[in-house]
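Report on one structure; see the data block that follows.
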Amino acid sequence: MPVAIITGSDSGIGRATAVALAQRGFDVGVTWHEDEAGARGTADEVRGQGRRAGVRRLDLSDPRNGARVVDELADELGGVDVLVNNSGTGTQTPVLEMELDQWQHVLDVDLTGAFVAGQAAARRMVRQGRGGRIVNVTSVHEHIPLPGSAPYSASKGGLGMLTKVMALELAREGITVNSVAPGEIATPMTGGEDVDPHTEARPAIPAGRPGDAREVAALIAHLCTPQAAYITGSSLVIDGGLMLMAAQQEREAP
């Protein structure tokens with residue numbers, strides 16, 4: 001059976017992706033950093049779909065942990081066919097007040113950690129000889145800046161370019177590498193996981209609401225199918241039209 005490893009899958013987009021891939025026949029490796037109970041809940045949902053689940057703690061403040069945990073889950077579940085790099089963190093600190101340790105921590109988790117995990121998974125996929133899928137969860141801030149979040153925006157932009165380089169290098173191995181760039185999604189990171197996004201008004205977003213983690217998961221799951229084999233090196237934005245508002249702002253400028 002195919003195996004997917006999803007980092008940061010104790011809640012939000014990661015958890016929804018674990019369930020979506022389990023529904024499509026994947027055994028799933030689940031990782032968590034602080035919420036073990038959430039990760040166990042994700043694993044239970046995966047098993048509820050009739051699939052196997054493995055659970056590991058993953059602290060990417062030391063990015064080297066990414067390779068170790070990918071290898072452990074691949075050994076337990078019998079390989080790796082999909083890696084979803086979903087773990088992430090951020091800050092709300094202006095550049096002039098940013099401490100170097102803050103900057104480094106966000107880059108370690110969001111960029112270097114994703115690189116190390118992606119490298120480990122890709123090496124496994126090459127040895128297995130059956131191709132694979134790597135999906136890096138970035139953000140609309142892969143493309144547009146976010147004031148007060150310099151390391152977050154820099155890491156997401158860097159991860160977007162890393163995605164393209166890996167896609168170029170791994171295409172000959174039958175491995176696709178893409179990024180998915182969500183806008184505002186109702187997750188713990190935005191404080192809205194327990195809110196039905198369809199009931200929340202967002203006048204500044206053309207779709208008029210935040211996104212649902214399951215909508216992002218459906219896009220990620222599609223990228224992991226055979227039908228998506230010709231998509232690689234792309235950044236797929238899923239933001240309800242949020243990025244389009246830059247054009248609207250320019251039109252309304254005096």
Side-chain angles (χ1 to χ4, degrees), residues 1-10 13-33 35-36 38-47 49-88 108-137 159 162-163 166-167 169-180 217 220-221 223-226 228-229 232:
M1 293 297 176
V3 174
I5 296 173
I6 306 163
T7 69
S9 40
D10 51 306
I13 292 170
R15 185 171 192 159
T17 301
V19 174
L21 288 175
Q23 291 171 340
R24 288 160 175 78
F26 285 83
D27 296 331
V28 180
V30 175
T31 86
W32 60 281
H33 178 219
D35 185 5
E36 182 176 6
R40 299 290 175 189
T42 300
D44 287 343
E45 288 198 58
V46 168
R47 295 181 186 116
Q49 300 296 326
R51 309 311 317 155
R52 294 183 302 149
V55 180
R56 292 291 188 284
R57 183 171 189 267
L58 175 57
D59 181 1
L60 288 174
S61 60
D62 180 350
R64 291 169 293 188
N65 290 329
R68 175 182 58 79
V69 169
V70 165
D71 285 336
E72 287 180 2
L73 286 168
D75 287 343
E76 176 181 345
L77 296 172
V80 57
D81 301 281
V82 166
L83 173 72
V84 180
N85 272 315
N86 176 66
S87 292
D108 282 344
V109 174
D110 292 7
L111 179 55
T112 309
F115 163 72
V116 172
Q119 182 188 56
R123 286 171 171 169
R124 286 259 183 174
M125 292 172 186
V126 170
R127 290 199 299 270
Q128 290 166 180
R130 57 178 185 260
R133 302 283 187 269
I134 297 173
V135 181
N136 296 317
V137 180
L159 186 54
L162 174 63
T163 296
M166 291 181 70
E169 294 187 8
L170 297 174
R172 70 187 67 181
E173 305 290 348
I175 300 168
T176 68
V177 189
N178 293 287
S179 63
V180 167
I220 295 170
L223 290 172
C224 299
T225 64
T232 196

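This is a predicted model, so every value here is computed, not measured.
Here Asn85 contributes atom CG and Thr7 contributes atom OG1; the two are 5.0 Å apart, rounded to the nearest 0.5 Å. In this structure, CG in Leu170 is found 11.0 Å from CZ in Arg123, a value given to the nearest 0.5 Å. Rounded to the nearest 0.5 Å, atoms CG (Leu73) and CZ (Arg68) are 9.5 Å apart. Atom CG in Leu162 sits 6.5 Å away from atom CG in Leu111 (nearest 0.5 Å). Interatomic distance, Gln49 CD to Asp44 CG, rounded to the nearest 0.5 Å: 12.0 Å. A distance of 8.0 Å separates CD of Gln119 from CE of Met166, quoted to the nearest 0.5 Å.
With sequence neighbours excluded, the residues forming a side chain to side chain donor-acceptor pair (under 3.5 Å) with Glu45 are Arg15, listed by chain and number. For Gln128, there are no side chain to side chain donor-acceptor pair (under 3.5 Å) partners two or more places apart in sequence or in a different chain. In this structure, the side chain to side chain donor-acceptor pair (under 3.5 Å) partners of Asp81, at least two apart in sequence or on a different chain, are Arg130.
A distance-only check finds no donor-acceptor pair linking the side chain of Asn86 to the backbone of Ile6 [under 3.5 Å]. The backbone N or O of Gly38 lies less than 3.5 Å from a partner atom in the side chain of Thr42, making a donor-acceptor pair. Thr232 contributes a side-chain N or O that, together with a main-chain N or O of Val177, makes up a donor-acceptor pair within less than 3.5 Å.
Nearest heavy atom pair, residue Leu77 against residue Arg52, reads O-NH2, 2.6 Å. Between Asp108 and Ser61 the shortest heavy-atom distance is OD2-O, 3.7 Å. Of all the heavy atoms in Gly131 and Ile175, the pair that sits closest is C-CG1, 3.9 Å. Shown here for Ser87 and Gly8, the closest heavy-atom pair between the two residues is OG-N, 3.1 Å. Contact between Thr31 and Val69 at its shortest, heavy atoms only, is CG2-CG1, 4.0 Å. Pairing each heavy atom of Ala18 with each of Val46, the nearest pair is O-CG2, 4.0 Å.
Taking the charged nitrogens against the carboxylate oxygens, Asp10 and Arg57 have no contact shorter than 4.0 Å, which rules out a salt bridge.
For the pair Arg51 and Met1, the minimum side-chain heavy-atom distance is below 4.5 Å. Side-chain atoms of Val135 and Cys224, non-hydrogen and from C-beta on, do get closer than 4.5 Å to each other. Residues Val137 and Ile220 have side chains in contact (heavy-atom distance under 4.5 Å, counting atoms from C-beta outward). Between Leu223 and Val180, some side-chain heavy-atom pair lies under the 4.5 Å cut-off.
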### Task
Evaluate side-chain contact (heavy atoms from CB on, under 4.5 Å) for Val109 paired with His33, printing each intermediate quantity in order.
CA-CA 11 Å; Val109 174; His33 178 219; over 6 Å; no

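Of the residues listed (Arg124, Arg127, Arg64), the one engaging Asp71 in a salt bridge (Lys or Arg N to Asp or Glu O under 4.0 Å) is Arg124, and it is the only one.
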